[in-house]
Amino acid sequence: MGRVWSEEYAAMNLRFSGIAGIIFGSLFRFLHWPGANIMLFAGALLTIVTLTILITTEPGPWTVHIQRPVRVFTSLAVALLGAIFKMMH
């Protein structure tokens, strides 16, 4: 039988894909190969989105109840844009 698809399995794959993107993007950046910025951006975006979803929705000791989610997501978007600006210049 095949593996049953679940939200936990999907989140785990997204998180590992994001971390791999950050690692390979950093390697490409260090070696000055093309495509490094895109890999770093995609990896950081996947990691941030996955961790945000896991922290806010998964019940457990690390669950966070955000009273003003718009402010949290806006600050994460601003931080991500700042990181992208730093990478591109």
Side-chain angles (χ1 to χ4, degrees):
M1 293 195 119
R3 185 180 291 251
V4 177
W5 187 259
S6 67
E7 291 178 17
E8 181 180 309
Y9 183 70
M12 181 180 67
N13 282 339
L14 280 176
R15 186 174 52 221
F16 288 145
S17 298
I19 292 170
I22 291 172
I23 291 170
F24 283 115
S26 299
L27 177 67
F28 273 50
R29 183 83 172 173
F30 179 70
L31 296 173
H32 301 286
W33 290 351
N37 291 332
I38 296 170
M39 291 176 85
L40 281 170
F41 171 69
L45 185 65
L46 275 175
T47 305
I48 289 172
V49 167
T50 305
L51 290 177
T52 303
I53 290 170
L54 285 176
I55 287 173
T56 57
T57 61
E58 186 176 301
W62 293 99
T63 302
V64 177
H65 299 288
I66 301 173
Q67 294 178 359
R68 295 188 177 109
V70 174
R71 288 185 182 178
V72 172
F73 293 124
T74 303
S75 63
L76 284 174
V78 168
L80 183 62
L81 286 173
I84 292 168
F85 181 78
K86 178 64 177 161
M87 283 190 292
M88 299 294 180
H89 293 299

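Note: hydrogens, waters and symmetry copies are ignored here, and every other heavy atom, side chains too, is used.
- Nearest heavy-atom pair, Leu46 versus Ser17, reported as atom, atom and distance to 0.1 Å: CD1-CB, 4.2 Å.
- Hydrophobic cluster membership is shared by Phe30 and Met39, with clusters built from Ile, Leu, Val, Met, Phe, Trp and Tyr side chains linked at under 4.5 angstrom.
- The minimum heavy-atom distance linking Gly25 with Ala36 is given by the pair O-CB, 3.7 Å.
- Going from atom CG of Leu27 over to atom CD1 of Ile22 covers 14.0 Å, rounded to the nearest 0.5 Å.
- The hydrophobic clustering, which links ILVMFWY residues whose side-chain heavy atoms are closer than 4.5 Å, places Trp33 and Phe24 together.
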